[in-house]
Amino acid sequence: MKYIDEFNDPALARRLLEDIHATVTRPWTMMEVCGGQTHSIIRHGIDQLLPETVELIHGPGCPVCVTPLEMIDKALEIASRPGVVFCSFGDMLRVPGSERDLFRVKGAGGDVRVVYSPLDALDIARRHPEKEVVFFGVGFETTAPANAMAVHEARRRGIRNFSVLVSHVRVPPAIEAIMNAPHCRVQAFLAAGHVCSVMGTAEYPALAERHKVPVVVTGFEPLDILEGVRRAVHQLERGEHRVENAYPRAVREAGNPAARRMLQEVFEVTDRAWRGIGVIPGSGWRLAGAFREYDAEHRFSVTELTARESEVCRSGEVLQGLIKPNECAAFGTTCTPRTPLGATMVSSEGACAAYHLYRRLDRPAGTTAGSTAGDTAKEATSVG
């Protein structure tokens with residue numbers, strides 16, 4: 001089955017929307033966790049088709065967006081060094097650091113290469129033993145297994161000129177941090193289906209019970225998202241808070257056991273900083289002790305770099321669902337895809353990029369164009 005048209009059927013979409021409209025009796029606010037879901041929602045206007053009482057707010061589900069500024073600066077420092085081949089997926093090249101991005105490093109003579117797999121970077125290291133090859137390992141639980149496999153293979157094959165700059169983050173601790181943050185409005189979550197396809201759903205029941213929020217594992221096509229919203233609305237109206245799998249064609253309760261075993265062998269859980277948000281305990285991975293020699297931070301001694309975020313960019317509030325992108329005074333003016341202040345404007349999964357691409361440019365009623373982050377938002381941006 002190709003699954004090309006099956007989950008874009010207008011007639012089925014109308015039926016789901018009719019059910020949602022008929023069920024809702026009061027206001028509800030839910031958060032989609034994944035940036036891919038955000039883009040689908042904005043592209044198809046799903047949020048505009050829902051009842052006014054059902055609000056979708058956008059979570060920190062873009063791995064590029066949450067990579068901290070200090071990590072970007074570490075990447076830039078390593079990529080600028082002679083004898084280094086710095087490999088990355090293409091979506092990281094325009095993410096701004098404190099003063100530049102990887103494109104500018106490449107333009108200045110740095111050997112920065114776009115690859116499509118960490119194993120491509122490992123192959124470059126095999127073919128060029130005279131070079132230090134570094135792969136920028138960014139992402140959630142979805143990309144971590146492949147990056148773990150590359151490190152595992154490097155050790156197995158004795159390739160010593162390969163290392164990974166690790167910036168992997170985990171979704172459940174981020175949900176915990178959002179729910180514990182001041183002024184949190186989230187009453188239900190649409191969980192990221194691709195993350196659950198790797199990790200399964202075992203970490204979510206405790207979250208749902210502890211915070212009394214429904215968690216619906218959801219896919220990325222319009223009907224996937226509408227079905228996720230429908231199930232969440234039914235739970236909210238009944239006063240329930242269970243984990244439901246609305247993406248069974250890809251997600252099993254146990255996830256992918258082989259991928260999980262690889263993660264357990266190569267990585268260990270650590271605290272991790274999220275860009276614009278702060279440190280979230282237990283929210284990331286780093287290389288386990290047996291693989292520490294492949295850690296680019298230690299190999300290149302860039303562990304002590306510090307950076308300062310833009311005082312104008314409000315991407316941290318966007319990532320926590322505290323504001324919509326077009327509520328930021330810089331959105332579409334001083335911050336555009338050509339002149340981004342933060343990663344949420346340049347990432348292919350960033351909420352600000354989605355609003356700009358699909359022309360959600362008008363500011364919501366009551367928003368002051370010249371406003372900056374208020375006291376409430378400043379208080380809420382420290383969730384660690």
* Structure fact -> CG of Asp101 to CD1 of Ile72, rounded to nearest 0.5 Å, is 9.5 Å

* Please determine, by modelled atom types, if Glu240 and His234 share a side-chain donor-acceptor pair under 3.5 angstrom. => no

* With Asn245 via side chain to side chain donor-acceptor pair (under 3.5 Å) - residues at least two apart -> none

* Asked: If we ignore angles and hydrogens, is there a donor and acceptor under 3.5 Å between the side chains of Glu209 and His241?
  -> yes

* **ILVMFWY clustering at 4.5 Å (side-chain atoms), partners of Tyr247** => Val217, Phe220, Val251

* Asked: Do Arg104 and Glu99 meet the salt-bridge criterion of a basic N to acidic O distance under 4.0 Å?
  -> no

* **Which residues share a salt bridge (charged side-chain N to carboxylate O under 4.0 Å, His left out) with Arg43, sequence neighbours left out** => none

* To do: Kindly compute the distance separating CD (Glu227) from CD (Glu221), expressed to the nearest 0.5 Å.
  => 14.5 Å

* Applying side chain to side chain donor-acceptor pair (under 3.5 Å), name anything that partners Lys106, two or more places apart in sequence or on another chain. => none

* Structure fact -> Between Ser98 and Asp73, the two heavy atoms sitting closest are OG-OD2, 2.5 Å

Would you tabulate the side-chain donor-acceptor contacts of residues 280-291 under 3.5 Å, counting partners in other chains and residues two or more places apart, or write 'none'?
from: Ser283; atom 1: OG; to: Arg272; atom 2: O; distance (Å): 3.3
from: Ser283; atom 1: OG; to: Trp274; atom 2: NE1; distance (Å): 2.8
from: Ser283; atom 1: OG; to: Ile280; atom 2: O; distance (Å): 2.7
from: Arg286; atom 1: NE; to: Glu268; atom 2: OE2; distance (Å): 2.7
from: Arg286; atom 1: NH2; to: Glu268; atom 2: OE2; distance (Å): 3.1

* Rounded to the nearest 0.5 Å, what separation is found between the CG atom of Leu361 and the NE2 atom of His356? -> 6.0 Å

* Structure fact -> Residue set satisfying salt bridge (charged side-chain N to carboxylate O under 4.0 Å, His left out) with Arg160, at least two apart, ordered chain then number -> Glu293

* Asked: Quick one: do Arg156 and Glu153 make a salt bridge, cutoff under 4.0 Å?
  -> yes

* Using the test side chain to side chain contact (heavy atoms under 4.5 Å, CB included), find all partners of Arg299 that sit at least two apart in sequence or belong to another chain. => Glu132, Ser163, Tyr294

Validation: residues 86-95 side-chain donor-acceptor distances under 3.5 Å, sequence neighbours left out:
from: Arg94; atom 1: NH1; to: Pro337; atom 2: O; distance (Å): 3.0
from: Arg94; atom 1: NH2; to: Pro337; atom 2: O; distance (Å): 2.4

* Could you verify whether a donor N or O on one side chain and an acceptor N or O on the other, from Asn161 and His128, lie under 3.5 Å apart? => no

Side chains of residues 136-150: which donor-acceptor partners sit under 3.5 Å, not counting sequence neighbours?
from: Glu141; atom 1: OE2; to: Val171; atom 2: N; distance (Å): 2.9
from: Thr143; atom 1: OG1; to: Val138; atom 2: O; distance (Å): 3.1
from: Asn147; atom 1: ND2; to: His168; atom 2: NE2; distance (Å): 2.8

* To do: First locate atom CD of Glu317, then atom NE2 of His183, and finally report the distance between them rounded to the nearest 0.5 Å.
  => 11.0 Å

* Asked: Do the two ring centres, one from His58 and one from Tyr355, sit under 6.0 Å apart?
  -> yes

* Asked: How would you list all residue pairs meeting ring pair (Phe, Tyr, Trp, His ring centres under 6.0 Å) that involve residues 19-43, not counting sequence neighbours?
  -> none

* Structure fact -> Sorted by chain and number, sequence neighbours left out, side chain to side chain donor-acceptor pair (under 3.5 Å) with Thr339 holds for Thr336

* To do: Applying side chain to side chain donor-acceptor pair (under 3.5 Å), name anything that partners Glu253, two or more places apart in sequence or on another chain.
  => none

* Got a salt bridge between Glu265 and Arg261, using NZ or NE/NH1/NH2 to carboxylate O under 4.0 Å? -> no

